[in-house]
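Input: a single structure, listed below in C-alpha cells.
Chain A is the first sequence line, chain B the second, and so forth, proteins listed ahead of strands; every chain is numbered from 1. All values derive from a computational prediction rather than experimental measurement.
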Number of protein chains: 4
Amino acid sequence: MPPDTATPHEPSRRRLPPAERMPQILEAALEEFAARGFAGARMAEVARRAGIAKGLIYHYFPSKTALFEAVVRDGTRSDFEAAERQLSQHSGSYRALLAALLDLGYQAVCEDARDRVLFRLIIAEAEHVPELAGFYRDEMLARSVGIAQRLLEAGVAAGEFRPEVAAPGYAEVVLAPVVMLSVWRIILGNADAPEAAAMRAAHRDLLLAALLPPAG
Amino acid sequence: MPPDTATPHEPSRRRLPPAERMPQILEAALEEFAARGFAGARMAEVARRAGIAKGLIYHYFPSKTALFEAVVRDGTRSDFEAAERQLSQHSGSYRALLAALLDLGYQAVCEDARDRVLFRLIIAEAEHVPELAGFYRDEMLARSVGIAQRLLEAGVAAGEFRPEVAAPGYAEVVLAPVVMLSVWRIILGNADAPEAAAMRAAHRDLLLAALLPPAG
Amino acid sequence: MPPDTATPHEPSRRRLPPAERMPQILEAALEEFAARGFAGARMAEVARRAGIAKGLIYHYFPSKTALFEAVVRDGTRSDFEAAERQLSQHSGSYRALLAALLDLGYQAVCEDARDRVLFRLIIAEAEHVPELAGFYRDEMLARSVGIAQRLLEAGVAAGEFRPEVAAPGYAEVVLAPVVMLSVWRIILGNADAPEAAAMRAAHRDLLLAALLPPAG
Amino acid sequence: MPPDTATPHEPSRRRLPPAERMPQILEAALEEFAARGFAGARMAEVARRAGIAKGLIYHYFPSKTALFEAVVRDGTRSDFEAAERQLSQHSGSYRALLAALLDLGYQAVCEDARDRVLFRLIIAEAEHVPELAGFYRDEMLARSVGIAQRLLEAGVAAGEFRPEVAAPGYAEVVLAPVVMLSVWRIILGNADAPEAAAMRAAHRDLLLAALLPPAG
DNA sequence: AATGAATGAGCATTCATTCAT
DNA sequence: AATGAATGAATGCTCATTCAT
C-alpha cells in the first residue's frame, strides 16, 4: 500500500469545542476505514488525516471499535431523501416516474459518493460488526426497496403496470441492477466496471417492457 | 473477536507430500481470510486450523500476501461450467433455457458455497490486492456476462426475443439481480436477505415479459 | 553467547525530550552492535541497555538498519581534529612534527577508545552496509592519509625530507603501522597484540631514517 | 542483500564418502560465513552452495558453531610457506631478499585470495570465538612477524642493515603496511582501497632507505 | 548416506492504548 | 483540550535443528 497521500486537515493546533472536533475525526476515520478496512486502519493515520495528535482521538472515542461504530452511525445521512421526495410529490405517469427514479439512481452511483465508501465497509465488515448489517438492512435496503415497492404499487393502482408486479420479490429485482452497478464499481473501479449509460438505457427499456400490461 | 474455535485438522505430525499439504493450508487459509479479512487474518491461526506449525506455511508460501493470492487463484474452480454446458448443449426454446439458467443461478447462490466467501474477500480486498479485481473481472464477471449475452443473442437470432435486447448493457441488467442477491446474503446473512424464491419468480416473470416481442 | 549483563540504564520511565533520549539509544545501540555485530544484535537488548521499551526505539529510528547507520554517523566525532590542528599550527622542524603526530596516533590507539569499537563494526559490516565503506573512506582513511600527505609535502618543501617521499603511496605506508596496531588490538585484545611502545619507537626510528636526505 | 548468485556445486545426489563431502561443505561454509558473518550465515545457504540438502550438514557437524570452528581450523593452509622457503633458501644480498619478499606479500594481497575472506571473519568474530584470535596470533601474525624478524636479523648479521633494526617492534612496523593494505581492501574493496603498486614502491623505497647503514 | 518436510524458539516490527507534560 | 513520548502485546517471518522417509 502506497504511503497514502490523502490531504490532512490544516494543522489546527487550536483548542476546538467537541462539536467541531468530532466531525473532523469522524470524517478522517471514515476515509481511513474505507481505505484499509477495520483491521487495517491505523489510529495514527486517522489522527494524521484529521490533523491532530493520536492521543486526542481518545478524548472523544474510548477505542478503535467505538470510533468505528460512531463512523457507521454518522453515515446515516441519506441520499434516499431525494427519491422519497420525488415519489411523494409526483404527478404524471408512473412510467415517467420510473424513468426519473432510475436516472436518479444511476446518477447517485456515478457520483464519487461517500456512500460507496460506506457501502464497501459494510460489505467487508458486516460479519464482524452486527450493527453494520442492521444499519444496511434498515437504512439502505429497506428504504430503497420501499421506494421501489411503492412505485410499483402506485403504478398498478393507476392501471399503468401489470397487477402481478406488486407481489413480493419484484421490487428487489427492479432495483438490483442499480445497486449491483455500485458493487461492480467498488470492485473494479469506475473505469473497468460495466458502462453506466448502457446499463441505464437497457434497464429502462427492460422495465418498461416488463411492467406494462400486454395490451400496452 | 473471540479466539475462533473452528475445528483444527487432526494433529497430523506426519510428513506429507506437498500435493497433500498445500490443499490443507489453502483450505485453512480460505477459512481464516474469510473470517477475518486479509489484514485481520493471522498466520498462526491459519497454521492452527491446518494442524501444522506456523513455520511450515512459509515452506510453501513466501508471505501472507502470496498465500492470499494462492487462495484466490485456487478458488477458480468454476460454477460457471454447468451454465456454459447447458448453453452450448441446448435444444429447445430460449425462453425455457432462460428459465433454466436462472434456476441454476439462484440455486448456486443458495447453496452454502465457498464461492460467496471468496466473493466477499474480493469485494473487501480488491482495492488493496489489484490481482483480485482482475481475477473477478476476467473469471467471474466476464464469464457470467458472456453467458447472458450469448443467450440473448441466440434468442434474438431465433426470433424469440426482441432484437434490441442484444445491445450492450442488457446482459448486465439481466443477470444483476442474481448477483445482487448473493451480495445481500453476504451482508445480511441468508435469513435477513431478500427471499430467494420470491426474487427468482419475479425475476423470471419480468424477464420473460421484457424480452418477448410485443406480439407475444 | 550469554545473555549479556551489561549495565542497563536506570529504569527511567519518565518522558524525556528527544534530544536526551536519542543519545541514550545511540549509546546503547553502539554497545550492542559492538558486542554482537549487526546481524547478531537484538533490538530488545538495545532497549534493555537503554532502559526503555522495545517499541520506543521505533519512535526514533524506523528500522534496525537505520539505527545502525545513525550509530555510525554519530561516531564521527573525530580524533583527527587534534592532529589537523597540530599540523596547521606547527612551527619548528618537520622531524619534530612527525614524531609528535606519531605519538598522538599511538596514544589514540592505546586509549580505550570507542573508536575502535566503531572500527571493528566498519570492518565487519562494510560489505553489507555500503554506507559504512564510504564513511570509512571519506571520514577516516582520507583524513588520515591527508594529514600524512601534507606533513610529507611540507617536509619536502622545507628541505627536511627527500623529495621522492611526497609521491603517491608514501603517505599510506607511513601511517599504516599505527592503523594496523589498532586492528591487531581489535583482533587480539590489548594484551596479546604487539607492544605499542616498541612499535612506536621502531616506527619513529625507521621513518626518520627513511625520510631524511642521505646527506643527513 | 542480493539473492546471492554464488555458484552452487553440481547437484551431486550421489552418496559420497565423508572424505569427499566434508571439503565441499567446508568450502561452502567458508564462503557463506565470509559473506554474512557468523550470525548472518544461514545453514540452508551453506547447503545450497555445497549442492546438498540442509539435513546432510548435520551428519558431519553437530551445530552451526561446530561448523564454524571446523571452517576456521581448516583454513590453516598457509601462504607463508613460499615466504619461509625463500627465506631459508636464500643466497644473495638481503636487500634483494627484502624486495622479493615484499613483492611476494603484495602479490598475495592482490590475488583474490581466500585468505582475505578468512581474515575478515577473524576480525569480525574474534571477540566471540576466542579460538579465532588464537589462530590468528599463532598461524598468521607470529609467522609473518617471524619471517620479517629473521630477515632483519640476518641482514644485520650480514652487515647490510643497521644493528638497531633487529630490536623488538621493527618487524611489526616493517610488515604492517602490507597487512594494512589487505584490511583496506577488505573494507573498501579492491577498487577503492589505496593503490597496491604505489604502496609497494613506496614501501620498498622507504625500507631500503631506513634499514641501510648511513654510510650506505 | 541423503532428503526436505516439519518444528518451535526467537527476532524485527507494528500499533492500539496510556499518560506525563 | 492537546500533544506525542512511552508501553507492551501481538504478529509476520526466519532459521537452526530434528526426523520420517
Side-chain angles (χ1 to χ4, degrees), chain A residues 11-18 20-21 39-47 51-65 67, chain B residues 12-18 20-22 39-47 51-65 67, chain C residues 12-18 20-22 39-47 51-65 67, chain D residues 11-18 20-21 39-47 51-65 67:
Chain A
S12 72
R13 196 165 295 235
R14 297 186 309 109
R15 179 188 186 115
L16 288 185
E20 295 184 39
R21 208 47 112 186
R42 283 167 296 177
M43 297 296 270
E45 182 62 18
V46 173
I52 60 173
K54 246 183 328 179
L56 190 51
I57 300 178
Y58 288 88
H59 261 278
Y60 295 93
F61 305 96
S63 71
K64 188 185 186 184
T65 301
L67 175 61
Chain B
S12 74
R13 194 165 294 235
R14 294 192 310 111
R15 181 195 186 103
L16 287 185
E20 291 183 42
R21 198 54 101 189
M22 294 233 350
R42 283 169 293 175
M43 296 297 269
E45 181 62 18
V46 173
I52 59 173
K54 230 180 349 175
L56 189 54
I57 302 178
Y58 290 89
H59 203 72
Y60 293 94
F61 305 96
S63 69
K64 190 184 184 183
T65 300
L67 175 61
Chain C
S12 74
R13 195 166 294 236
R14 294 192 310 111
R15 181 195 186 102
L16 287 185
E20 292 184 41
R21 197 57 97 190
M22 294 232 349
R42 283 168 294 174
M43 296 298 268
E45 182 61 18
V46 173
I52 59 173
K54 234 181 343 176
L56 189 54
I57 302 178
Y58 290 88
H59 203 72
Y60 294 92
F61 305 96
S63 69
K64 189 185 186 183
T65 300
L67 174 61
Chain D
S12 72
R13 196 165 294 237
R14 297 187 307 109
R15 180 187 184 118
L16 287 185
E20 295 185 38
R21 209 45 115 185
R42 283 168 296 178
M43 298 296 269
E45 182 61 17
V46 173
I52 60 173
K54 245 182 330 178
L56 189 51
I57 300 178
Y58 289 87
H59 260 278
Y60 294 93
F61 305 96
S63 71
K64 189 186 185 182
T65 300
L67 175 61

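The minimum heavy-atom distance linking C:Ala53 with C:Ala47 is given by the pair C-CB, 3.9 Å. Minimum interatomic distance between B:Ser63 and B:Tyr58 (heavy atoms only, all atoms of both residues): CA-CE2, 4.2 Å.
Partners of C:Phe61 by side-chain contact (heavy atoms from CB on, under 4.5 Å), not counting sequence neighbours, listed by chain and number: C:Met22, C:Ile25, C:Leu26, C:Ile57, C:Leu67, C:Ala70.
OP1 or OP2 of F:dA6 has not a single side-chain nitrogen or oxygen of C:His59 nearer than 4.0 Å. At least one side-chain nitrogen or oxygen of D:Tyr60 sits closer than 4.0 Å to the OP1 or OP2 atom of E:dA2. For the pair B:Arg15 and E:dT7, the criterion of a side-chain N or O lying under 4.0 Å from OP1 or OP2 is not met.
Annotation: of the two residues near DNA chain F, C:Ala53 and A:Ala53, the 5′-most nearest-nucleotide partner is A:Ala53.
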Protein within reach of the bases, or only the backbone? For nucleotides 11-16 of chain F, mark each nucleotide 5' to 3' as B, S or -, using heavy atoms under 4.0 Å.
SSBBSS

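For the atom pair CZ (A:Arg21) and NE2 (A:His59), the distance works out to 11.0 Å, reported to the nearest 0.5 Å. We find the NZ-CZ distance between C:Lys64 and C:Arg42 to be 10.0 Å, quoted to the nearest 0.5 Å.
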Secondary structure string for DNA chain F (Watson-Crick or G-U under 3.5 angstrom, | for other-strand pairs)
.||||||||||||||||||||

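Rounded to a whole Å, the CD1 atom of D:Ile57 is 16 Å from the C1' atom of F:dC19. With rounding to whole Å, B:Met22 atom CE is found 12 Å from E:dA6 atom P.
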